[in-house]
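Every chain is numbered from 1 and lettered A, B, ... according to where its sequence line falls, protein lines coming before strand lines.
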Amino acid sequence: MSTTVLPRVNYLNVRTTVASWLLTKDHKRIGVLYMIVVALAFFLGSIFAAGVRIELTTPAGDFVSADTYNRLFTMHAVFMVFFVLIPVVPAILGNFAMPLMIGAKDVAFPTLNLMSWYIFVIGFLFTIAALVLGGVDTGWTFYTPYSSNVSASNVLLAGLGVFITGFSSILTGLNFMVTIHRMRAPGMTWFRLPLFVWALYATSLVMILGTPVVAITLFMVVLERAFGFGIFDPRLGGDPVLFQHLFWFYSHPAVYIMILPPMGVISEVVACFSRKNLFGYSFVAFSSLAIAVFGFLVWAHHLFVAGISPYSAMIFSFLSFAVAIPSAVKTFNWTATLYQGAIWWRAPLMWVFGFIGLFLVGGLTGLFLASLGLDVHLHDTYFVVAHFHYIMVGGAIMGFFAGLHYWWPKMTGRLYSNALATSAAVLVFVGFNLTFGPQFILGYLGMPRRYHAYPDEFQVLNVLSSAGASILAAGYTLIACYLLYSLWKGEEAGANPWLATGLEWKTESPPSPHNFEETPIVNEGAYEYSKREIKVA
Amino acid sequence: MPDGIAAHADPHGHAHHPALQHHFQTLDQQHEAATLGMWVFLVTEVMFFGGLLTAYLLYRVWYPEAWSEGSLDLNIALGGFNTVVLIASSLTMALAVRSSQIGAQRATVGWLLATMALGLTFLGVKVIEYAEKFELHHVPGPNFVYEGPHGRQVEIFFSLYFGLTGLHALHMIVGVCLLSVITFMASRRRFSPAWYTPVEVSGLYWHFVDIVWIFLFPLLYLVDRAHQFA
Ligand SMILES: [Cu+2]
């Protein structure tokens, strides 16, 4: 479909020296830079997950010692949470696509954007240093007083790593918020914004209001560990539960940093591959904001068994149920968009189906945990592990892959194999369910999390889970293979391979360094698919 | 904001303001982006200090006696002096912004220098105060000594005192560095009534750091002074 004459100047080939990448202020290149570091972190995190799954194949704690096991699951979570899940969609896809989608030449503060990447890398290096020196054993939650007064592992380095990385997230949120306010193309009103941009706006809100709190909280832990200050130290009368409050004040909303941007991706992809206007646009847009706001009022559901007052527990339980409403609004609207759509069966949509299914399970099991009585039984069991993996991997990572497969032709100018991409989606979906499905049952049966040994009767389900993890690994490897292959041998994508409506599809693939030759002027909503002739293969 | 100050050679051949960056359409848009960016940044700062202040609030409610003892131990004369210094620096900063808006180049430089001098005075006094605490072994940690009925909780008070004022001092140091860059630019006549955004944005930051101190001073120094002066 493309008649592009090669070679043509685009953001990838305009300059090719290493320095031109390391000093770039181009939001598209910065997105690619994030992708490289996040991929590395994902690889590291997966290695630790593999260690955990190997240990849990047999009931005896025979593969690694209990102490090593503590470090394995902690490092798995630290890398996956702070260096994969939080940046994966906003920093990679958001950086790459958002300015294009609003018709801007760049984000509002390009230098700051590059600085955010460097801060991210420095935080990553600190965490790597913690790892090389023996790792951390506190769990990713760094609970005091174990983290501040007791643990002999490298809490200081890892804590600093996470603290530093937090500023990358804060500054990215700030940059996105100002960009969305001030950089929109003429005619791009708030209610013509693509829903991915709305989702990023809501995410920025959480990054701006939540991340500083976890940063200062880790700063206090660092003060305790490094200088012997006492803020959470029970020996002085300090309150370790205060740490939990402050930590979860960020870390519950952090789940929305992870899941809101993928939800935005889903809205884009669902509309495109149903060839329909998105059902209930403004409801989906405002549900993002509602999730961001309500998300700040539910943190104490992580403390139901930490001895908080039953009255506040009741209120937090109620609010945790309430936050399910905007999530359900989104899910119903996506389903309604698919309903009677002219479904175009391409790979990005497969990931969307995966997302909707897994997010549904993850969301509904969250309601089990929000119930006060049930939580006493399920707290700190594999039920919790399964629940948040359904949200974070089943939701956020599936959503990321939906977006990556959607925008890959735009990022690289190349098409990947649709057949392989579809099989990878199926493989990941099956592998994921096999890994984490059994863990719901294990948790219900009472298997606690964070132990390297368990009673014999749990072995069958654990073997299933480990088997699923290897299928999952195969799925992820397959993705890496065909995407990298497409860079080399992929068919040329052309400007708009999905016949999509967004502004990012009106410029070439890959886009020129300045995004648009002429500033685009917008005169219609984001998803006017019904006005368009549908010519799909 | 480093983005606000980079001039560029115009590739299109028509006249742009030298401060206008290529990804903005107009200086106005650039100005609005920079000021909004700083306001949003200040919101993150409120949340940042907010975490420590939450801890402060909780323990103050739990341990009022320790708070009273610890607070009485702080040097109210030096703290009060510093408060006056910072309020004065807010005035000179506001005058610097005003001067740059009306194009009074030399006055801008002068007021900026005055602001920096006041900021450095504050930091100098802070060093004296910290040294005093150090000698008295009131710095929390293994060497902390406090004779009194609530010594252990007083250590929490001092942990928060050093956490809060240390963080504030760090912000002051950043502010002075920021102002030295702005002063240099002002001395090179980079600002005009059409383009004074960097001065204004630095001013926002400076006032914020002052306001933080306006909260810290009563919260830390004036917990239980009433009967002292009664
Ligand atoms: Cu939560």
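- Ring planes of Phe163(A) and Phe48(B): tilted class, angle from 30 to 60°.
- Checked against side chain to side chain contact (heavy atoms under 4.5 Å, CB included), Arg189(B) has the following partners two or more places apart in sequence or in another chain: Gln105(B), Arg106(B).
- The closest donor-acceptor contact from the side chain of Arg152(B) to the backbone of Arg235(A) lies under 3.5 Å.
- Among Val139(B), Val46(B), Leu58(B), Thr54(B), the residue with the largest count of heavy-atom pairs under 4.5 Å with chain A is Leu58(B).
- At a threshold of 4.5 Å between non-hydrogen side-chain atoms, the residues Met47(B) and Tyr250(A) do not count as touching.
- Not a single donor-acceptor pair under 3.5 Å links the side chain of His181(A) to the backbone N or O of Ala33(B).
- Taking chain A as the reference chain and counting heavy-atom pairs below 4.5 Å, the highest number among Val43(B), Leu52(B), Asn143(B) is found for Leu52(B).
- Taken to the nearest 0.5 Å, the NE2 atom of His22(B) stands 8.5 Å off from the NZ atom of Lys25(A).
- A search for side chain to side chain contact (heavy atoms under 4.5 Å, CB included) contacts involving Pro520(A) returns Ala185(A), Leu503(A), Phe516(A), not counting sequence neighbours.
- In this structure, chain B has heavy atoms under 4.5 Å from both the backbone and the side chain of Met183(A).
- Proximity of Leu167(B) to Phe219(A): side-chain heavy atoms (C-beta onward) are separated by under 4.5 Å at one or more points.
- Within the model, atoms CD1 of Ile231(A) and CD of Glu155(B) stand 10.5 Å from one another, a figure rounded to the nearest 0.5 Å.
- If you take CD on Glu45(B) and CD1 on Ile170(A), they are separated by 8.5 Å, rounding to the nearest 0.5 Å.
- Per-residue counts of heavy-atom pairs under 4.5 Å with chain A were compared for Gly50(B), Ser159(B), Pro142(B); the largest is that of Ser159(B).
- You'll find the side chain of Gln21(B) stays beyond 4.5 Å of the side chain of Asp106(A), heavy atoms only.
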